[in-house]
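The model shown is predicted, which means the values in this text are computed figures rather than measured ones.
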Amino acid sequence: MIKWSHERSQAFQETLLDWYDQNKRDLPWRRDHNPYHVWVSEIMLQQTQVQTVIPYYLRFMDQFPTVEDLATATEDKLMKAWEGLGYYSRARNLQKAARQIVFDYQGRWPTTTEALQELSGIGPYTAGAIASIAFGQPVAAVDGNAFRVFSRLLEIDDDIAKPQTRKVFERIINLIIPKARPGDFNQAIMDLGASYMTATNYDTSQSPVKDFNQSYQDGIEDHYPVKTKKKRPIAHDYFGLIIHSKQGYLFEKRPSHGILANFWMFPLFDRENLTDEKATPESMLVGKIEARLQSEYQLSADLHAVDVPTVTHTFTHQKWKIKLLEAQVADNIDVSYFPGKWIHSSKFDQMTFSKVQSKLWLAYQKASKSTQSVGD
DNA sequence: GAGACGTGGCG
DNA sequence: TCGCCAAGTCT
């Protein structure tokens, strides 16, 4: 690894910030340094691309203009604002932190990285981003961009997939970061990482800091960053139940922990939980589901396959395949045993749907449109 | 410290 | 289809 002299660091700062001053992206959260604006944008941007975040951020600020508005918002309105953005614990942590700030700290923001990390959902990166951008503290904000940029500039061989590697980068960046403009420096690194120094298909030859890029000079830029591979997603096969009555469609609330926690969805039955044997005929599996609906929930349902392709949805670590089954149930059934609720499709726009739930509903609509118009 | 946690885009 | 990526954090 190359070490930079003080002069070298200064030259780098100057080159980078000059470029940033001329070429920085015009983003909605860069209009000011309001910590609330910086904070919300940083949370939304976690593992999420800028162009995805922009409309969410604008709507969010429209609905929750201040940290007080967020602290006192209903969970329904909050989740609706986050609908489709993913990693939904971010939204819940965001409100938790808003309440910490408003009610525990009387609206006064913590300004150090240590104190900021006491807030829910704020880790080392976000703390560094808020401290430097909103409060002018000369601290590193080490995200994927910083890993990518500095590993290439300095030929850092540490595996960025390892948590301990963060400390290596923080130590180096804290030596290089300018005391006068730390927030601009960190944001300039991000803009660099999003333009000339992207993960793939990058072209460093036009980069403003190519003279500082050791791996480029050495022709080994594609060795960086060093990052071990992730595991492939685990497959899950489900039956998805579309059960409708005069009272609407049947929904089930997902567990409070795990993937899509607390979301309302069409009931799902895991194929593997229905039988131990792989080769069980499908009609028998459907019969088992019907029997369970009857015995556990007193719900008589005559399930039929919906004539649509299996719905697939891939998460970071799970790959779901869902075969849709449909049933119309009697008008005056007793649903008091079922841990769910009936909702008319006219009210779906008031619910918060995960993407996979939206896919199920779309697939079902497509099928019922091609045959007949099915009411609730 | 490895794995969980969403979604969209791209080659 | 698949693997990987995109301003990470929590457990």
Side-chain angles (χ1 to χ4, degrees), chain A residues 24-25 27-30 37-57 79 82-94 96-97 116-130 132-133 140-149 159-167 169-170 183 185-195 197-202 225 227-236 254-263 265 310 312-321 352-359:
Chain A
K24 66 180 169 191
R25 288 175 290 178
L27 301 169
W29 45 89
R30 284 183 175 176
H37 297 164
V38 175
W39 171 51
V40 171
S41 68
E42 290 300 341
I43 300 297
M44 286 186 170
L45 286 160
Q46 289 170 7
Q47 302 291 284
T48 311
Q49 297 191 336
V50 167
Q51 71 273 18
T52 303
V53 166
I54 288 174
Y56 280 91
Y57 176 83
M79 293 312 289
W82 209 269
E83 183 178 39
L85 199 52
Y87 285 151
Y88 297 97
S89 65
R90 289 185 297 176
R92 300 192 170 102
N93 284 145
L94 200 65
K96 249 187 236 169
L116 283 163
Q117 287 183 74
E118 297 298 313
L119 296 169
S120 297
I122 296 186
Y125 162 71
T126 306
I130 298 173
S132 62
I133 298 170
V142 185
D143 67 341
N145 289 305
F147 277 131
R148 193 165 58 251
V149 168
D159 181 357
I160 67 168
K162 305 267 185 219
Q164 61 201 33
T165 300
R166 167 180 301 282
K167 295 201 295 281
F169 282 74
E170 279 177 346
F185 179 89
N186 284 330
Q187 292 182 93
I189 295 298
M190 297 178 205
D191 280 16
L192 199 56
S195 54
M197 299 185 72
T198 51
T200 57
N201 300 91
Y202 49 86
K227 187 180 187 181
T228 52
K229 295 177 184 72
K230 291 172 195 163
K231 295 194 319 179
R232 52 181 295 181
I234 298 163
H236 291 276
R254 293 187 55 79
S256 58
H257 294 290
I259 198 160
L260 301 178
N262 296 322
F263 274 75
M265 281 193 71
T310 300
T312 65
H313 189 81
T314 304
F315 303 96
T316 309
H317 58 296
Q318 291 184 32
K319 185 182 169 71
W320 288 8
K321 286 199 286 189
T352 301
F353 279 1
S354 63
K355 282 295 169 182
V356 61
Q357 169 61 29
S358 296
K359 282 188 190 176

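A:I43 comes within 4.0 angstrom of nothing in the nucleic acid, heavy atoms only. Across all strands, A:R254 comes closer than 4.0 Å to no nucleic acid atom at all (heavy-atom distances). Nucleic acid contact for A:T48: base, since at least one base atom lies under 4.0 Å from a heavy atom of the residue. Within 4.0 Å of A:V50, counting heavy atoms only, lies at least one base atom of the nucleic acid. At a threshold of 4.0 angstrom between heavy atoms, the contacts of A:S354 are confined to the sugar-phosphate backbone, with no base atom among them.
Phosphate proximity of C:dG8 to A:R166: absent, as no side-chain N or O sits under 4.0 Å from OP1 or OP2. Of the side-chain N and O atoms in A:H313, none sit less than 4.0 angstrom from OP1 or OP2 of B:dG6. At the phosphate of C:dC5, OP1 or OP2 sits under 4.0 Å from a side-chain N or O atom of A:K227. Remark: A:Q47 is in phosphate contact with C:dG8, judged by side-chain N or O atoms under 4.0 Å from OP1 or OP2. Between B:dC5 and A:Q318, a contact under 4.0 Å exists linking OP1 or OP2 to a side-chain N or O. Dashed line: the shortest gap from a side-chain N or O of A:K162 to OP1 or OP2 of B:dG1 is not under 4.0 Å.
Nucleotide B:dT7 holds its P atom 13 Å from the CH2 atom of A:W82, rounded to whole Å. Distance CG (A:L116) to C1' (C:dT9): 15 Å, rounded to an integer number of Å. For the pair A:R92 CZ and B:dG6 C1', the computed distance is 12 Å after rounding to whole Å. Note: NZ (A:K167) to C1' (B:dG1) measures 11 Å, nearest angstrom. One atom, NZ of A:K231, and another, P of C:dC4, lie 14 Å apart when rounded to the nearest Å. With rounding to whole Å, A:Q164 atom CD is found 5 Å from B:dG1 atom P. Taking atom NZ on A:K230 and atom C1' on B:dC5, their separation rounds to 11 Å, with Å as the unit. Protein atom CZ of A:F147 is 14 Å distant from nucleotide atom C1' of C:dA6, rounded to whole Å.
Closest to the side chain of A:Q49, from the set B:dG8, C:dT9, B:dC5, is B:dG8. Ranking C:dG3, B:dT7, C:dT9 by closeness to the A:R232 side chain, first place goes to C:dG3. Here the side chain of A:Y88 is nearest to one of C:dA7, C:dG3, B:dT7, namely B:dT7. Closest to the A:L27 side chain, of the nucleotides B:dC5, C:dA7, B:dG11, is C:dA7. Closest approach to the A:H317 side chain among C:dA7, B:dA4, C:dG8 is made by B:dA4 (side chain taken as heavy atoms from C-beta onward). Of the candidates C:dG8, B:dT7, C:dC5, C:dC5 carries the atom nearest the A:A199 side chain, counting heavy atoms from C-beta on.
Checked options A:Q117, A:E42, A:Q46; the residue passing with A:T126 is A:Q46 (criterion: side-chain hydrogen bond (donor to acceptor under 3.5 Å, both in side chains)). Remark: of the listed residues A:W29, A:W39, A:Y57, A:Y87, A:Y57 is the sole one forming a side chain to side chain contact (heavy atoms under 4.5 Å, CB included) with A:M44.
Side-chain atoms of A:T316 and base atoms of B:dG6 include a donor and an acceptor less than 3.5 Å apart. Taking 3.5 Å as the limit, the base of C:dG8 and the side chain of A:Y125 contain no donor-acceptor pair of atoms between them. Counting distance only, with no hydrogens placed and no angle test, the side-chain atoms of A:R90 and the base atoms of B:dA4 include no donor-acceptor pair under 3.5 Å.
Taking a 6.0 Å sphere around NZ of A:K321, one finds it holds 12 or fewer heavy atoms contributed by other residues, nucleotides or ligands.
A residue-by-residue look at A:K96 and A:S41 shows that A:S41 has its nearest nucleotide of DNA chain C further toward the 5' end. Comparing A:T312 and A:G123 against DNA chain C, the residue whose closest nucleotide sits nearer the 5' end is A:T312. Each of A:L260 and A:T200 has a nearest nucleotide on DNA chain B; the 5'-most of these lies closest to A:L260.
Checking side-chain atoms of A:R90 against main-chain N and O of A:G121 turns up no donor-acceptor pair under 3.5 Å.
A distance of about 14 Å separates the C1' atoms of B:dG6 and C:dC5, rounded to the whole Å. Look at the P atom in both B:dG3 and C:dA7: the space between them is 23 Å, to the nearest Å.
Contact check on A:D191 versus A:R25 returns a salt bridge, with a Lys/Arg side-chain nitrogen under 4.0 Å from an Asp/Glu carboxylate oxygen.
Pairing each heavy atom of A:D159 with each of A:T165, the nearest pair is O-OG1, 2.6 Å.
The aromatic rings of A:H313 and A:F315 lie perpendicular to each other, with more than 60° between the two planes, well past the 30° mark.
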